[in-house]
Amino acid sequence: MPTRLTNYFLKTLREDPSDAEVTSHRLLVRAGYIRRQAPGIFAWLPLGLRVKAKIEKVVREEMSNAGAHEVHFPALLPKEPYEATGRYVDYGDGMFRLEDRRGVGYVLAPTHEEVFTLLVKDLFSSYKDLPLSIYQIQDKYRDEARPRAGLLRGREFTMKDAYSFDYTDAGLDVSYQAQRDAYERIFTRLGLEYVIVKADAGAMGGSKSEEFLHPTPVGEDTFVRSAGGYAANVEAFTTLVPEARPVEGLAAPTVFDSPDTPTIQSLVALANAEQPRTDGREWTAADTLKNVVLAITQLDGSREIVVVGIPGDRDADLKRAEVAFQPAEVEAANEDDFRKHPGLVKGYIGPWAAARPGEDTTGTAVLGEKSSTGIRYLLDPRMVTGTQWITGANEHDRHVFGLVAGRDFVGDGFVEVADVRDGDPAPDGSGPIETARGMEIGHVFQLGRKYAEALGLKVLDENGKLVTVTMGSYGIGVTRILAIIAELNNDEKGLIWPPAVAPFDVYVVATGRDAAVYEAAERIVADIEASGREVLFDDRPKVSPGVKFGDAELIGVPTIVIVGRGVADGTVELWNRATGERTEVGLDGVVPAL
RNA sequence: CGGGGCGUAGCUCAGCUUGGUAGAGCGCUCGGUUUGGGACCGAGAGGUCGCAGGUUCGAAUCCUGUCGCCCCGACCA
């Protein structure tokens, strides 16, 4: 049966909804695909549900090709499994938690690793049962601090999440690769440009992780790539570490007066005036060591002050810092923190100080484990042994020249906190990188044994030994993909769906009030349906042609058939929504022309 | 959580500065005309002006509080 507009649940809006800003949100609401229920939560209307189903169909076919089997879990789950893996706490405010009438705790699942693991544990106990890949397409819940941009970042969203179970690392590699390949096929079929980047495993835990990012200026992720093929999320980017250099023969550090040097620039200018280099080049900000004081708050609420040393020409990137210190929260130290640590002379912080302030050039460590302050000191990876730096002398209006890493100061370790720039070298030697923005549309993880360990998922191997299963988890944001496709395919008149995901194949418009037109339209609709295509039929009487054409364009079905004044001459028009091209065909010529 | 904006009819908004008991366009209902680009005429239905308190003879309008929504930032697998 054709879907007729006279009895469809659809109402288009003439004006943009006032609460929608981004294009996809605006058009999906205006064209009657979705309706907002609460911030970041949407109802799906018949048209929207159809598009969602088309995307899910592609995902299901490729999951099947990858050997994964579909299951379905509740979204409402007991909290215990999440407590067992620590995520009940680790997830923080991002997880919806609730209680039943007896006070028993539940969660609305943000992802389903725990319950998939427990289900496999329930049923499988032998290596002969593995490998196994199972998935579901289910709504996920995350209490986002600020949902925005309609479907692009909601609190409820549909996700395909797959999980693989292996008993060897090699097996996990194979399962991981199968999902990764499936993702490439899915995004290709959906016509979505993507970049696969090295990612940070984040709260999911585990080791190897890659993200599929759709490059777009409005994306929330920054990633880097080199011409030589390196690609990584900026949070997972690692610095190319220079070779250590010999310390022998390097001059001792010298302390100098440096009044009125509140900025790195003013310090560099002073350095060039006071102690110009002898090798012909000038001092630059990259020769200075900037010591940034961070406050790290662990999940249990304890607060620690950490100093990170980075090249003076760079800023600390708090997102990268969050990754480096996760799951702790990171912020810049406040005045209170400085009061509690008088050993840090604000504005003149350095890892080293002259033994007798204001005088000699023998010194002592100020930062790091065996230092006077005992404050943890982490260094940028570029600060290898033998590099020399200009930095604060821990005295007001005093700096120090020629402080040698590995000799005058030693960090408690290295940390990737400095910001990443266009032109930085890729860590694999594939050349300079450039940065770009992207929106995460898929993520593949090798979880390893974290979840199986925590929940006790073990199987007997060939030797009768109990081994812990190793897992992968693989997510695709179905509703986010839908929004991105809408974002990419539209014009000032409305949506323009790619055929693979369009809610219908053909949109038939009957115009005029001649009964013969409607009879002809009925026959054409029946013909098209008989050819196996889905038809949305605008059979509304008493609606003017302008309204009908406007709705057809807004809704965005790829092919529109106009049955109207041409019927008298035995013709109708085929209208290509994407190109705007219209062609006349005979009444019986519609199906062959499609 | 910080900054900004907004809550008035189903939708998009005006009215608020200067207090006098609520409007427009679209949509909806009925009758008629119209039918290839969001038609027209006529008659209607529809609103505790987010909520609570206060000032006042009188509050959509002024004051206080509160709730909600949107945007930017922080945050976010």
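Note that the structure is a prediction, hence the values are computed from the model and not measured. Residue numbers begin at 1 in each chain, while the letters A, B, ... track the order of the sequences.
Contact annotation: Arg146(A) side-chain N/O to rC72(B) OP1/OP2 distance is under 4.0 Å. An OP1 or OP2 oxygen of rU12(B) is reached within less than 4.0 angstrom by no side-chain nitrogen or oxygen of Arg14(A). Not one side-chain nitrogen or oxygen of Thr511(A) sits closer than 4.0 Å to the OP1 or OP2 atom of rU35(B). Side-chain nitrogen and oxygen atoms of Ser18(A) include at least one within less than 4.0 Å of the OP1 or OP2 phosphate oxygen of rU12(B). Residue Arg513(A) places at least one side-chain N or O closer than 4.0 Å to OP1 or OP2 of rU34(B).
Remark: the separation of the C1' atoms in rG44(B) and rC49(B) is 23 Å, to the nearest Å. If you take atom P in rG20(B) and the same atom in rG58(B), they sit 14 Å apart, rounded to whole Å. rG10(B) and rG4(B) have their P atoms separated by 31 Å, with the value rounded to a whole Å. Taking atom P on both nucleotides, rU61(B) is separated from rC6(B) by 16 Å, rounded to a whole Å. Rounded to whole Å, the C1' atom of rG32(B) lies 44 Å from the corresponding atom of rC70(B). Here the separation of rA60(B) from rG54(B), taken at their P atoms, is 15 Å to the nearest Å. Nucleotides rC51(B) and rC69(B) are separated by 15 Å at their C1' atoms, to the nearest Å.
Taking the ring centre of Tyr88(A) as origin, the terminal cationic atom of Arg97(A) falls inside the region bounded by 6.0 Å and 45° from the ring axis.
Atom NZ of Lys542(A) is separated from atom C1' of rG31(B) by 10 Å (rounded to the nearest Å). Atom pair Lys548(A):NZ and rU35(B):C1' shows a separation of 9 Å (rounding to whole Å applied). Rounded to whole angstrom, the span from the CZ atom of Arg35(A) across to the P atom of rC11(B) amounts to 8 Å. Regarding Phe96(A), its CZ atom lies at a distance of 17 Å from the P atom of rC76(B), rounded to whole Å.
The only member of His443(A), Gln138(A), Lys140(A) that meets side-chain hydrogen bond (donor to acceptor under 3.5 Å, both in side chains) when paired with Asp161(A) is Lys140(A).
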Verdict with reasoning, Phe116(A) to Phe73(A), per side chain to side chain contact (heavy atoms under 4.5 Å, CB included): CA-CA 8 Å; Phe116(A) 269 79; Phe73(A) 278 90; 3.3 Å; yes
Start with the C-alpha gap between Gln177(A) and Asp181(A), add the side-chain angles, then the distance that decides, and say whether side chain to side chain donor-acceptor pair (under 3.5 Å) holds. CA-CA 6 Å; Gln177(A) 191 62 40; Asp181(A) 291 346; 3.0 Å; yes
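Shortest non-hydrogen contact noted between Thr111(A) and Tyr82(A) is O-OH, 2.7 Å. Scanning both residues, Arg4(A) and Glu522(A), for their nearest heavy atoms gives NH1-OE2, 2.7 Å.
You won't find any donor-acceptor pair under 3.5 Å spanning the side chain of Arg148(A) and the base of rC71(B), going by distance alone. A donor N or O paired with an acceptor N or O is found under 3.5 Å between the base of rG25(B) and the side-chain atoms of Glu15(A).
Mapping Asp19(A) and Glu553(A) onto RNA chain B by nearest heavy atom places Glu553(A) at the nucleotide closer to the 5' end. A residue-by-residue look at Pro147(A) and Gly564(A) shows that Gly564(A) has its nearest nucleotide of RNA chain B further toward the 5' end.
Using a 4.0 Å heavy-atom distance criterion, Gly566(A) is classed as a base contact. Within the nucleic acid shown, Met159(A) comes within 4.0 Å of at least one base atom, counting heavy atoms only.
Nearest nucleotide to the Pro39(A) side chain, out of rC70(B), rA39(B), rG37(B): rC70(B). Across rA74(B), rG38(B), rG36(B), the shortest atom-to-atom separation from the side chain of Arg582(A) is found for rG36(B).
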